[in-house]
There are 2 protein chains.
Amino acid sequence: MTYEGKVLAALADPTRRAIFEKLAKGRSSVADVARSLPVSQPAISQHLKVLKEAGLVSDEPLGQRRIYSIDPAGLGPLRQWLDRFWEDQLAAFKVLADSDEASGAGPRKPER
Amino acid sequence: MTYEGKVLAALADPTRRAIFEKLAKGRSSVADVARSLPVSQPAISQHLKVLKEAGLVSDEPLGQRRIYSIDPAGLGPLRQWLDRFWEDQLAAFKVLADSDEASGAGPRKPER
DNA sequence: TTCCTTCATAAGTCATGGCTTATCATAAGG
DNA sequence: CCTTATGATAAGCCATGACTTATGAAGGAA
């Protein structure tokens, strides 16, 4: 699977996003994460495994605990993938906007 | 569900990403998309529905066909969500890097 | 009208994945 | 040693979702 695919699949789950957001506020142990969410400790471990394989978190042993923290570089692939469309679409949009300017219409999208 | 949640869930599926990427290269009909992918036309329609509800595509009738195109603004929520972590982590990283500089060490996380 | 094409929806199948409880390994403390 | 705390894994349950085929609606073309 592609890098961005792994990252997207990992972040698509709400519980995993909650874990990720908590770790973004500060590194913490598995039990600490489990205490802050309404799921069991094994569920947390499973989610952390997915996040780790996606390159979004890293872990480090500390005594009998294991401290997990965010790997900010893990968001890189997703960001790059996003930027592709961003640039493509902005370029295409600009062409439309320029042609619309001649007709007096502003670059506006119709609301649903 | 949150906006970024919808977008992430929509883009997490490989087939939907393929559809999205194809539409990014140019607007096209449902049958046209179906011809370019190894799934049936109903499957494509179902995926397009999800993408549309996530705000990632828009459609417009053209005779008996329906032309789908990308809505570039749909990526906004995901991008904003991403930027939050990006900034947070870069800021935290910078603080560590600065404090470590005084001690001559490289940008590394403190132990314990 | 009668085709023919395009597309959406309904209904059903099947695999995936998120969760649980149970269990085991490891590390610290008595 | 034994106990406690922590976390990873196994096994099973069950809901979700990605697909299929079948069908119907809607818009040209004959």
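In the text below, chain A, chain B and the rest are named by the order of the sequence lines, each starting its count at 1.
Out of D/dA10, D/dG27, D/dA8, the shortest distance to the side chain of A/Ser45 is found at D/dA8. Of the listed nucleotides (C/dC7, C/dC19, D/dG7), C/dC19 has the atom at the smallest distance from the side chain of A/His47. Each of D/dG7, D/dA10, C/dT9 was ranked by its minimum atom distance to the side chain of A/Gln46; first place goes to D/dA10. Nearest to the side-chain atoms of B/Ser29 among the listed nucleotides C/dT6, C/dC7, D/dA8 stands C/dC7.
Separating the CZ atom in B/Arg79 from the CG atom in A/Leu78 is a distance of 10.0 Å, to the nearest 0.5 Å.
One atom, CD of A/Gln41, and another, C1' of C/dA22, lie 12 Å apart when rounded to the nearest Å. Straight-line distance from the CD atom of A/Gln64 to the P atom of D/dT3: 17 Å, rounded to whole Å. D/dT6 atom C1' lies 14 Å from atom CG of A/Asp59, rounded to whole Å. The CG atom of A/Leu37 sits 14 Å away from the P atom of C/dG18 (whole-angstrom rounding). For the pair A/Leu48 CG and C/dC19 P, the interatomic distance rounds to 12 Å; values are reported in whole Å. A/Lys49 places its NZ atom 13 Å from the P atom of C/dG17, with the value rounded to the nearest Å. Spacing between atom CZ of A/Arg65 and atom C1' of C/dA28 amounts to 11 Å, rounded to whole angstrom units. Residue A/Ile44 contributes atom CD1, which lies 18 Å from atom P of C/dG17 at whole-angstrom precision.
Side-chain atoms of B/Arg16 come within 3.5 Å of backbone N or O of B/Ala9 as a donor-acceptor pair. Between the A/Arg27 side chain and the A/Ile67 main chain, no donor and acceptor come within less than 3.5 Å of each other.
Using a 4.5 Å heavy-atom threshold, the side chains of A/Asp71 and A/Leu56 count as separate.
Checking B/Arg66 against A/Val50, the closest nucleotide of DNA chain C that is more toward the 5' end is the one next to B/Arg66.
Put simply, A/Ser40 has no side-chain N or O that comes within less than 4.0 Å of OP1 or OP2 on C/dC19. Look at B/Tyr68 and you won't find any side-chain N or O under 4.0 angstrom from OP1 or OP2 of C/dT6.
Within 4.0 Å of B/Pro42, counting heavy atoms only, lies at least one base atom of the nucleic acid. Counting any heavy atom pair closer than 4.0 Å across all strands shown, B/Ala43 reaches a base atom.
Applying the salt bridge (charged side-chain N to carboxylate O under 4.0 Å, His left out) test to pairs two or more places apart or on separate chains, those with a residue in residues 28-39 of chain A are A/Asp32-A/Arg35.
Contacts of B/Arg66 classified as salt bridge (charged side-chain N to carboxylate O under 4.0 Å, His left out), with partners at least two apart in sequence or in another chain: B/Asp59.
Contacts of residues 6-18 of chain A with DNA chain D (heavy atom under 4.0 Å): none.
Other residues, nucleotides and ligands contribute only 12 or fewer heavy atoms inside 6.0 Å of the CZ atom of B/Arg65.
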